[in-house]
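We use all heavy atoms of the structure for the numbers below, so side chains are in, but hydrogens, waters and symmetry mates are not.
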Amino acid sequence: VVAVASVSALRNGASNAVYATSKAALLQLCRSVAVDYGRRGLRANTVCPSWVRSEMADRRMARFAVEAELRDHSVEAAYDEATSFLPMGRPGEPREVAEAIAWLLSPAASYVNGAVLTIDGGATALDPGTLAFDFQITPRADNPA
């Protein structure tokens with residue numbers, strides 16, 4: 001079994017309690033299945049993607065583009081803004097998540113059980129408290145404060 005949760009299962013943001021709680025519960029459910037049924041040969045793992053281009057993410061980005069008054073209210077501008085601080089600086093592609101899931105389901109991962117695999121462009125490796133020291137940070141040009 002491979003469940004698709006979210007980095008929200010591991011880290012939280014503002015106004016995200018219900019979503020984050022549901023994803024954290026899914027993560028713990030998979031870990032419980034791994035513990036309870038591992039001896040029967042059942043493996044249960046969880047992938048936790050960050051921003052990945054998808055219909056759901058596109059809808060959120062469209063709302064964000066309007067709320068943040070990004071250039072042309074563009075979904076692309078919203079993805080650029082939302083992923084600008086990620087170490088990889090871009091959203092993930094569905095193929096990248098699918099390939100990780102395929103690996104977890106394959107014999108190559110036969111001893112992987114109860115694991116959590118982040119597919120997040122380095123988001124959870126980053127300490128947000130250090131962002132202030134990145135002197136390349138610039139305010140949005142098209143949204144003066």
Reported CG-to-CD distance for the pair L104 and E99, which is rounded to 0.5 angstrom
12.5 Å

Distance-only donor-acceptor hits, side chain of residues 48-64, under 3.5 Å, sequence neighbours excluded:
| from | atom 1 | to | atom 2 | distance (Å) |
| --- | --- | --- | --- | --- |
| R53 | NE | E93 | OE2 | 3.1 |
| R53 | NH1 | E76 | OE2 | 2.7 |
| R53 | NH2 | E76 | OE1 | 3.2 |
| S54 | OG | V52 | O | 3.4 |
| S54 | OG | A57 | N | 3.1 |
| D58 | OD1 | Y79 | OH | 2.5 |

Look at the side chain of S22 and the backbone N and O of Y19, then say whether any donor-acceptor pair between them is shorter than 3.5 Å.
yes

Output every pair passing salt bridge (Lys or Arg N to Asp or Glu O under 4.0 Å) with a member in residues 12-24, not counting sequence neighbours, ordered by first then second residue.
none

Tightest non-hydrogen contact, residues P91 and T83, listed as N-CG2, 3.6 Å

List the residues meeting salt bridge (charged side-chain N to carboxylate O under 4.0 Å, His left out) with D80, not counting sequence neighbours, and say none if there are none.
R71

Could you grab the distance from atom CD of Q28 to atom OG1 of T46, nearest 0.5 Å is fine?
8.5 Å

Closest non-hydrogen atom pair between S74 and A77, with its separation
OG-N, 3.0 Å

What side chain to side chain donor-acceptor pair (under 3.5 Å) pairs are there with at least one residue in residues 119-131, not counting sequence neighbours?
D120-T124

Considering all heavy atoms of both residues, which atom of C30 and which atom of A3 are nearest to each other, and what is their separation?
SG-CB, 3.3 Å

Measuring from atom CG of L131 to atom OG of S84, what distance do you get when rounded to the nearest 0.5 angstrom?
9.0 Å

Joint hydrophobic cluster, I119 plus M88, side-chain heavy atoms closer than 4.5 Å
no

Minimal heavy-atom distance between L70 and A78, with the atoms involved, is CD1-CA, 3.4 Å

Going by the rule salt bridge (charged side-chain N to carboxylate O under 4.0 Å, His left out), which residues pair with R40 if we only count those two or more places apart in sequence or in a different chain?
none

Which atom pairs, donor and acceptor, lie under 3.5 Å between side-chain atoms of residues 105-117 and protein residues at least two apart or in another chain?
| from | atom 1 | to | atom 2 | distance (Å) |
| --- | --- | --- | --- | --- |
| S106 | OG | W103 | O | 2.7 |
| S106 | OG | A108 | N | 3.2 |
| S110 | OG | P107 | O | 3.3 |
| N113 | OD1 | A44 | N | 2.9 |
| N113 | ND2 | A34 | O | 3.3 |

Rounded to the nearest 0.5 Å, what separation is found between the CG atom of D36 and the CG atom of L29?
9.5 Å

Go through the steps for L86 and L126 under the test side-chain contact (heavy atoms from CB on, under 4.5 Å), then give the verdict.
CA-CA 8 Å; L86 295 182; L126 180 67; 6.0 Å; no

